2 protein chains.
Amino acid sequence: MRSQKPTHRGPRDERGVVAARILSVARASFAAYGYAGTSLRSVGRDADVDPGLVIYYFKDKRGLLDAALVPPPGWTEAIATAAAAPMRLRGAALVRTMIDAWEAPASEEFLRSTILTAAHEPIARQRLATNFAVHILDAVSSRLDDDERLVRASLAASQIVGLAMMRYVWKVGALAAMPSDQAIALVAPAVQRYLNGKLTGLDQ
Amino acid sequence: MRSQKPTHRGPRDERGVVAARILSVARASFAAYGYAGTSLRSVGRDADVDPGLVIYYFKDKRGLLDAALVPPPGWTEAIATAAAAPMRLRGAALVRTMIDAWEAPASEEFLRSTILTAAHEPIARQRLATNFAVHILDAVSSRLDDDERLVRASLAASQIVGLAMMRYVWKVGALAAMPSDQAIALVAPAVQRYLNGKLTGLDQ
DNA sequence: GGCTAAATTCAGCGTATGTTGAAACTACGT
DNA sequence: ACGTAGTTTCAACATACGCTGAATTTAGCC
């Protein structure tokens, strides 16, 4: 009358499948409840695994967060590609890249957990500043050549971020309800103007 | 050798001063560490008050959150005023109203805690959807008269939200470093175009 | 067929949490 | 003076947390 549940231990993990499952659960939980709101016990429960195993793989709760904030493969390249599109189409390319990332489950998990955890955890914020500022802002601004390229990149990013917040994070308003092609078509011109249009208010 | 600290109980609260202090501390903590990361004990400690008193005033931890998410007086009116500005200046008026709110400590506390808590707490998200969508989107869209007014309001809001995230929440990039007048001048034209310019991609 | 190393579980530690119920203090009306 | 209502503190509860150390199972290697 001890344990009726078939507890079978030992190596049955194939190439880190279990670790990947834990990580996926953790990302979802960080995004949904934040860092403090995520417990190793609940992660273990959702991943059908003992909490100790989470720590066995990720060492720490913080280590789990660190792993959750690593961008998925292809992320950097996708941005670089969009930032290198012909100037005429670059605005639309950037917006489309971002929207595609938000609508693919794998990268959506990463984006959501990063953006939402960055709100509360200084570590996540710094990580986002790196992944975001360095990769995105640099990818965009290094492809521009005038004096205001840093400003232009920031402006373009601000519009894309705003779209993501309204459409995917808060899911509020008309932008959240329309098909993605329409959202891209509506927002791309503004981004494009930021990239190579005339800027107001730089001299005063 | 019992208690050397002068414990003085009894009514020394003047017109809810203590409750206001608790609420202010709570807002700051919600914004900094999130809902789960905020403990009644730490709130009490920072407000120089016993944790039980927090519950005496706000009944629940959730009640404390509820109170923290109530907009400060003047908030709704400020948005309505900006949304009613002459059409030519409306974009700039909206952007300036938001930036002013973020730079005034009282409303900054509210905005920050609302936006950041909305990331993790469904209750806060719904509250933000109400305060934000209903008040802002409606204030803006009810002043427009064409068929796409809901879309126009959402687009304008997305640009303003993006600016707020980059400049005040994440503090990343050129938009975070420049004086506020410059940020307004740079972003206002895009908002203005969303309000009464030509929109792309609505028919296909 | 034992050996080893990796994978997994288990029991338990110290600590912090939200909440409660009662107690203590103060100001004020009578 | 006195009681009463409103504030504030205190002690304690059950629970949940992060993390550790040892135990247990399994798969592959000689």
Side-chain angles (χ1 to χ4, degrees), chain A residues 1-26 29-30 32-68 117 120-121 123-124, chain B residues 1-26 29-30 32-68 117 120-121 123-124:
Chain A
M1 208 177 291
R2 289 297 287 282
S3 74
Q4 267 144 339
K5 197 203 294 185
T7 71
H8 61 151
R9 313 181 184 193
R12 56 187 167 91
D13 185 359
E14 301 176 8
R15 280 278 191 192
V17 164
V18 173
R21 194 173 68 234
I22 292 174
L23 195 59
S24 167
V25 168
S29 180
F30 285 145
Y33 310 111
Y35 177 73
T38 295
S39 75
L40 297 180
R41 287 164 146 95
S42 73
V43 168
R45 203 178 310 123
D46 290 1
D48 258 319
V49 131
D50 187 272
L53 196 60
V54 180
I55 249 167
Y56 171 74
Y57 276 122
F58 299 97
K59 175 144 208 151
D60 251 345
K61 192 184 177 187
R62 185 134 287 166
L64 184 61
L65 176 64
D66 277 353
T117 317
H120 300 333
E121 271 299 300
I123 290 187
Chain B
M1 208 178 292
R2 287 298 286 281
S3 73
Q4 268 144 336
K5 198 202 293 184
T7 72
H8 61 151
R9 313 183 184 193
R12 55 186 167 94
D13 186 359
E14 300 176 10
R15 280 279 191 191
V17 163
V18 171
R21 194 173 67 232
I22 293 175
L23 194 59
S24 168
V25 168
S29 180
F30 285 146
Y33 311 111
Y35 177 74
T38 295
S39 74
L40 297 182
R41 287 167 145 94
S42 73
V43 168
R45 203 178 312 124
D46 289 2
D48 258 318
V49 130
D50 187 273
L53 195 60
V54 179
I55 247 167
Y56 171 74
Y57 276 122
F58 298 97
K59 174 145 210 151
D60 250 346
K61 193 185 177 186
R62 184 133 286 166
L64 184 61
L65 176 64
D66 277 353
T117 317
H120 302 333
E121 271 299 301
I123 290 185

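Labels below follow one simple rule: chain letters A, B, ... track the order of the sequence lines, proteins then strands, and each chain is numbered from 1. In this text, all values refer to a predicted model and were calculated from it rather than measured experimentally.
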Next item on the list: May I have the distance from A/Asp50 (atom CG) to D/dT20 (atom P), rounded to whole angstrom?
Entry: 14 Å
Notebook entry, point to check: For B/Val43, does its backbone N or O pair with a side-chain atom of B/Ser29 as donor and acceptor, under 3.5 Å?
Noted result: no
Check: What are the two closest heavy atoms between A/Arg62 and A/Tyr35, and how far apart are they?
Finding: N-OH, 3.5 Å
Note to self: Quick check for you: among C/dT17, D/dC19, D/dC17, whose closest atom lies nearest to any side-chain atom of A/Ile55?
What the structure shows: D/dC19
Next item on the list: Please report the C-alpha distance between B/Tyr56 and B/Asp50 in whole Å, then the side-chain angles of each, then the deciding distance to 0.1 Å, and finally whether the side-chain contact (heavy atoms from CB on, under 4.5 Å) criterion is met.
Entry: CA-CA 10 Å; B/Tyr56 171 74; B/Asp50 187 273; over 6 Å; no
Checklist line | B/Ser39, nearest nucleotide to its side chain (from C/dT17, D/dC17, C/dT9) | finding: C/dT17
Next item on the list: Over all heavy atoms of both residues, which pair between A/Ala19 and A/Phe58 is shortest? Give the atoms and the distance, please.
Entry: O-CZ, 3.8 Å
Next item on the list: Look at the side chain of A/Leu40 and decide which nucleotide, out of D/dT9, D/dT8, D/dG18, has an atom nearest to it.
Entry: D/dG18
Margin query: Show the nearest heavy-atom pair for residues A/Val49 and A/Arg21, with the distance to one decimal.
Written below: CG2-NH2, 4.0 Å
Check: D/dG21 P sits how many Å from A/Tyr56 OH, rounded?
Finding: 16 Å
Next item on the list: Determine the contact category for B/Thr38: base if any of its heavy atoms lies under 4.0 Å from a base atom, sugar-phosphate if only primed atoms, P, OP1 or OP2 are that close, otherwise nothing.
Entry: sugar-phosphate
Checklist line | B/Ile55, B/Val25, B/Ile22 screened by side-chain contact (heavy atoms from CB on, under 4.5 Å) with B/Leu64, the one that passes | finding: B/Ile22
Margin query: Taking the minimum atom-to-atom distance to the side chain of B/Arg41, which one of D/dA12, C/dT8, D/dT7 wins?
Written below: D/dA12
Next item on the list: Please work out which residues in residues 58-65 of chain B have a non-hydrogen atom less than 4.0 Å from an atom of DNA chain D and list them by number.
Entry: none
Margin query: Within the 4.0 Å heavy-atom criterion, would you say A/Leu53 contacts the bases, only the backbone, or no part of the nucleic acid?
Written below: base
Next item on the list: Report the distance from atom OH of B/Tyr57 to atom C1' of D/dT9, rounded to the nearest whole Å.
Entry: 13 Å
